[in-house]
**Student:** 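Got a structure here, written out as structure tokens. Questions coming.
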Amino acid sequence: MKAVVLAAGLGTRFKSEKPKVLHEILGKPMVWYILNTLKKAGLQDIALVVGHKAEEVKEAVGDSVKYFYQENPKGGTADAVLASVDFWRTYEDYILIVNGDSPLVSAETIKNMQRFIHLVEEYEKVKLGGVILTAWLQDPTGYGRIVKEEGTDRILRIVEEKDATPQERNIKEVNGGLYVFYAPYLLEALFKINPSEKTGELYLTEAVSYLVEKGCEIRSFMASDPTEVLGVNTRWELAFAENIMKLKIIRFWAERGVTVHCPETVWIEPDVELAREVEIFQGAMLKGKTKVEEGAVIGPGAILENVYVGKGAMVEAYSYVSDSRIGEGAVIGPFARVREKSIIGSGSHVGNFVEVKKSSLGREVKAKHLSYIGDAQVGDGANIGAGAVTANYDGKEKHQTVIEEKAFVGSNSLLVAPVRIGKLSYVAGGSVITKDIPDGALAVERAKLRILEGKGKEKLT
Ligand code: UD1
Ligand code: MG
């Protein structure tokens with residue numbers, strides 16, 4: 001089945017410079033969700049109708065869809081479908097039309113609508129003109145209302161709120177903005193739609209009454225979960241949709257064996273992958289292409305962006321890890337920062353207020369407190385004391401530091417790169433290291449300690 005997604009509108013109610021469909025839900029543009037859902041439902045041939053700020057939309061969406069351009073973004077939803085007519089003019093099958101501002105529709109619902117059409121055809125011997133996704137909403141404000149033939153699910157027409165009579169406004173079944181029409185019938189109907197008297201727009205919903213008058217049967221298909229039909233017309237509806245999507249994603253993982261504490265506070269983006277027995281605490285954010293392996297724990301307020309977290313690793317409270325790999329059983333944080341393609345080996349510990357940038361730490365490395373490790377390679381079993389810093393920048397360029405296996409870098413020492421600290425060598429606390437230290441050596445760079453008896457008390461009293 002071909003699909004047409006409408007994304008040309010002005011989105012006036014959003015009060016935004018950015019096209020409405022590019023506003024983000026969990027780090028992805030709103031329109032990404034419906035396109036992804038269509039693909040998941042097995043629809044490959046997709047047209048996207050663009051108009052308002054078309055170039056921005058095209059750039060964000062990429063080339064997985066065919067683009068059609070609506071000249072007049074105030075033309076209305078029927079005008080938008082007409083803009084795509086070259087995509088389906090000779091198509092003799094059902095075509096799916098969906099609003100680009102309906103991010104919550106599920107692939108299951110789309111598949112069920114397709115099955116429904118086939119079942120009606122097979123068992124009732126009725127060829128439907130179309131099926132429309134509807135939902136029953138306690139508060140239907142803003143949506144087109146579904147007017148049906150009493151006691152059936154045959155739709156007679158859809159009336160937009162602006163045109164509805166007070167009785168029609170009381171109808172709680174709404175148009176979900178997703179339609180499956182028999183393309184040749186739709187083609188005929190679209191050319192017959194008159195502009196709305198109130199707005200001058202051509203409403204796609206008007207195709208329904210035209211087709212019914214011609215003797216076609218249009219049925220409703222009610223969404224099992226009414227939130228699926230949510231249309232995002234305002235920023236508040238965007239916030240609402242984001243919340244619903246967030247909980248859907250968390251529920252998906254919970255059902256696959258992930259524990260999420262305080263789910264309403266946790267943020268998991270759609271491309272994240274989680275294994276069984278992962279445990280996530282309140283306020284954590286898992287972004288981009290993050291993957292977390294079995295038994296790993298993500299502590300409260302931790303942020304992970306494009307991170308691989310190995311089995312049983314722990315990212316403790318309020319740590320921020322980006323574009324990096326955390327090995328099996330490693331412990332990050334609390335309050336650690338790991339970034340820019342860093343690799344933390346298995347069993348290593350990057351602790352409180354430690355920053356690791358573009359560095360690779362081997363296995364069982366300890367850097368537990370207050371340290372900066374930048375552009376460095378740290379060998380297995382090395383120990384980096386509290387306050388140790390790699391001075392990687394000379395004001396012009398970045399330089400490398402190499403700390404070999406089992407080296408001991410004492411507290412508050414400064415390693416001025418480029419520099420190499422040899423295997424099993426020992427840097428005494430507080431030293432400034434500007435030369436390579438051979439394997440097994442002790443390096444001390446300190447002014448002589450002077451102790452003046454009684455002088456302290458003299459100053460203080
Ligand atoms: C529309 C439906 C309404 C339904 C609701 C569900 C019509 C006339 N009304 O109302 O019955 O309950 O969706 O969410 O269709 N668009 C274009 N070109 C245009 C106008 C709009 O491409 O000229 C696109 C928009 O970018 C948007 C979609 O069509 O993605 C729907 O338009 P919108 O203005 O949001 O329609 P609603 O008022 O929400
Ligand atoms: Mg809308």
Side-chain angles (χ1 to χ4, degrees), residues 4 6 9 75-82 94-99 101-102 104-105 109-110 112-113 116-117 119-121 124 126-233 237:
V4 177
L6 310 181
T77 42
D79 185 55
V81 181
L82 272 171
Y94 286 94
I95 182 169
L96 185 145
I97 315 281
V98 59
N99 290 346
D101 67 350
S102 297
L104 297 175
V105 179
T109 294
I110 292 173
N112 287 339
M113 280 175 88
F116 177 70
I117 293 174
L119 285 176
V120 173
E121 204 165 318
E124 296 183 36
V126 174
K127 174 141 191 83
L128 295 177
V131 174
I132 295 169
L133 181 65
T134 71
W136 198 91
L137 298 184
Q138 192 60 48
D139 175 11
T141 310
Y143 290 86
R145 311 294 206 279
I146 301 287
V147 181
K148 280 181 168 173
E149 193 182 297
E150 277 289 303
T152 73
D153 59 3
R154 282 196 209 118
I155 301 181
L156 297 176
R157 60 200 180 91
I158 301 175
V159 53
E160 290 306 304
E161 182 157 285
K162 285 183 188 138
D163 305 319
T165 62
Q167 287 98 316
E168 286 168 334
R169 282 188 188 203
N170 281 334
I171 297 174
K172 300 214 155 115
E173 187 172 1
V174 301
N175 169 20
L178 188 151
Y179 321 76
V180 179
F181 283 116
Y182 187 62
Y185 298 168
L186 176 66
L187 186 65
E188 187 190 324
L190 282 178
F191 285 105
K192 298 285 165 32
I193 291 172
N194 293 316
S196 150
E197 281 176 18
K198 298 237 166 72
T199 64
E201 290 184 19
L202 297 173
Y203 292 158
L204 176 58
T205 44
E206 287 296 304
V208 174
S209 47
Y210 174 83
L211 289 174
V212 171
E213 274 164 35
K214 291 284 281 187
C216 280
E217 202 174 317
I218 313 280
R219 296 259 183 107
S220 62
F221 185 89
M222 199 175 280
S224 49
D225 172 358
T227 61
E228 282 196 36
V229 308
L230 184 81
V232 177
N233 299 311
E237 284 164 348

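Keep in mind that this is a model prediction, so the values were computed, not measured.
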**Student:** Pairs under 3.5 angstrom only: tabulate donor-acceptor contacts from the side chains of residues 209-218 to other protein residues two or more places apart or in another chain.
**Tutor:**
unit_1: S209; atom_1: OG; unit_2: E206; atom_2: O; d: 3.3
unit_1: Y210; atom_1: OH; unit_2: E188; atom_2: OE2; d: 2.6
unit_1: K214; atom_1: NZ; unit_2: E188; atom_2: OE2; d: 3.1
unit_1: E217; atom_1: OE2; unit_2: R154; atom_2: NE; d: 3.1
unit_1: E217; atom_1: OE2; unit_2: R219; atom_2: NE; d: 2.7
unit_1: E217; atom_1: OE2; unit_2: R219; atom_2: NH2; d: 2.9

**Student:** Quick check: do I117 and F221 have side-chain heavy atoms less than 4.5 Å from each other?
**Tutor:**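 The answer is no; the side chains never approach within 4.5 Å.
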**Student:** Consider only side-chain N and O atoms of T134 and E173, and report whether a donor and an acceptor are under 3.5 Å apart.
**Tutor:**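 Yes, because at least one side-chain N or O of T134 sits under 3.5 Å from a partner of the opposite role on E173.
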**Student:** Evaluate the criterion side-chain contact (heavy atoms from CB on, under 4.5 Å) for residue pair V98 and V4; output intermediate values, then yes/no.
**Tutor:** CA-CA 6 Å; V98 59; V4 177; over 6 Å; no
**Student:** Could you go through I158 and V147, starting from their C-alpha distance and side-chain angles, then the distance that decides it, and tell me whether this counts as side-chain contact (heavy atoms from CB on, under 4.5 Å)?
**Tutor:** CA-CA 6 Å; I158 301 175; V147 181; over 6 Å; no
**Student:** For the residue pair Y179 and F181, categorise the inter-ring angle as parallel (less than 30°), tilted (30 to 60°) or perpendicular (more than 60°).
**Tutor:**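 Correct class here is parallel.
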**Student:** Less than 3.5 Å apart, any donor N or O on the side chain of K162 or T199 sitting next to an acceptor on the other?
**Tutor:**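 Short answer, no.
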**Student:** Quick one: are L104 and V232 in side-chain contact, heavy atoms under 4.5 Å?
**Tutor:**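 SC-SC contact between L104 and V232 ruled out.
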**Student:** Report the C-alpha distance between W136 and I146 in whole Å, list the side-chain angles of each, state the deciding distance to 0.1 Å, and finish with yes or no for side-chain contact (heavy atoms from CB on, under 4.5 Å).
**Tutor:** CA-CA 10 Å; W136 198 91; I146 301 287; over 6 Å; no
**Student:** When rounded to the nearest 0.5 angstrom, what is the spacing between CD1 in I193 and CG in L82?
**Tutor:**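 Spacing of CD1 (I193) from CG (L82) equals 7.5 Å.
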**Student:** Should I132 and S220 count as side-chain neighbours, where that means a heavy-atom distance under 4.5 Å?
**Tutor:**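 Of all side-chain heavy-atom pairs linking S220 with I132, none is under 4.5 Å.
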**Student:** So L186 and I95, do their side chains get closer than 4.5 Å, heavy atoms only?
**Tutor:**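 When only atoms from C-beta onward are counted, L186 and I95 do touch, with a gap below 4.5 Å.
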**Student:** I want to check something: taking the side chain as every heavy atom from C-beta on, are L190 and L204 in contact at a cut-off of under 4.5 Å?
**Tutor:**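 When only atoms from C-beta onward are counted, L204 and L190 do touch, with a gap below 4.5 Å.
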**Student:** Enter the distance from K127:NZ to Y182:OH here, rounded to the nearest 0.5 Å.
**Tutor:**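 Answer rounded to 0.5 Å: 4.5 Å.
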**Student:** Find the distance between CD (E149) and CZ (R157) and round it off to the nearest 0.5 Å.
**Tutor:**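 CZ of R157 is found 13.5 Å from CD of E149.
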**Student:** Looking at CD1 of I171 and NZ of K148, how far apart are the two atoms once the value is rounded to the nearest 0.5 Å?
**Tutor:**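 Output value for this atom pair is 10.0 Å.
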**Student:** For the pair T109 and E228, evaluate side-chain hydrogen bond (donor to acceptor under 3.5 Å, both in side chains) and give the outcome as yes or no after the intermediate values.
**Tutor:** CA-CA 9 Å; T109 294; E228 282 196 36; 2.7 Å; yes
**Student:** Measure across G129 and Y185 and return the closest heavy-atom pair with its distance rounded to 0.1 Å.
**Tutor:**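 Closest heavy-atom pair between G129 and Y185: CA-CD1, 3.7 Å.
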**Student:** Rounded to the nearest 0.5 Å, how far apart are CZ of F191 and CG of L202?
**Tutor:**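 So the gap between those two atoms works out to 11.0 Å.
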**Student:** Could you tell me whether the side chain of T205 reaches within less than 4.5 Å of the side chain of T77, counting heavy atoms only?
**Tutor:**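 No. Closest side-chain heavy atoms not under 4.5 Å.
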**Student:** Working to the nearest 0.5 angstrom, can you tell me the gap between N175 CG and L133 CG?
**Tutor:**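 Result: 8.5 Å between the selected atoms.
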**Student:** Using the salt bridge (Lys or Arg N to Asp or Glu O under 4.0 Å) rule, pick out the option among R145, R169, K198 that qualifies with E161.
**Tutor:**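 Result: among R145, R169, K198, R145 is the only option passing the salt bridge (Lys or Arg N to Asp or Glu O under 4.0 Å) with E161.
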**Student:** Less than 4.5 Å apart, any side-chain heavy atom of I97 and any of L178?
**Tutor:**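 Side-chain contact under 4.5 Å: no.
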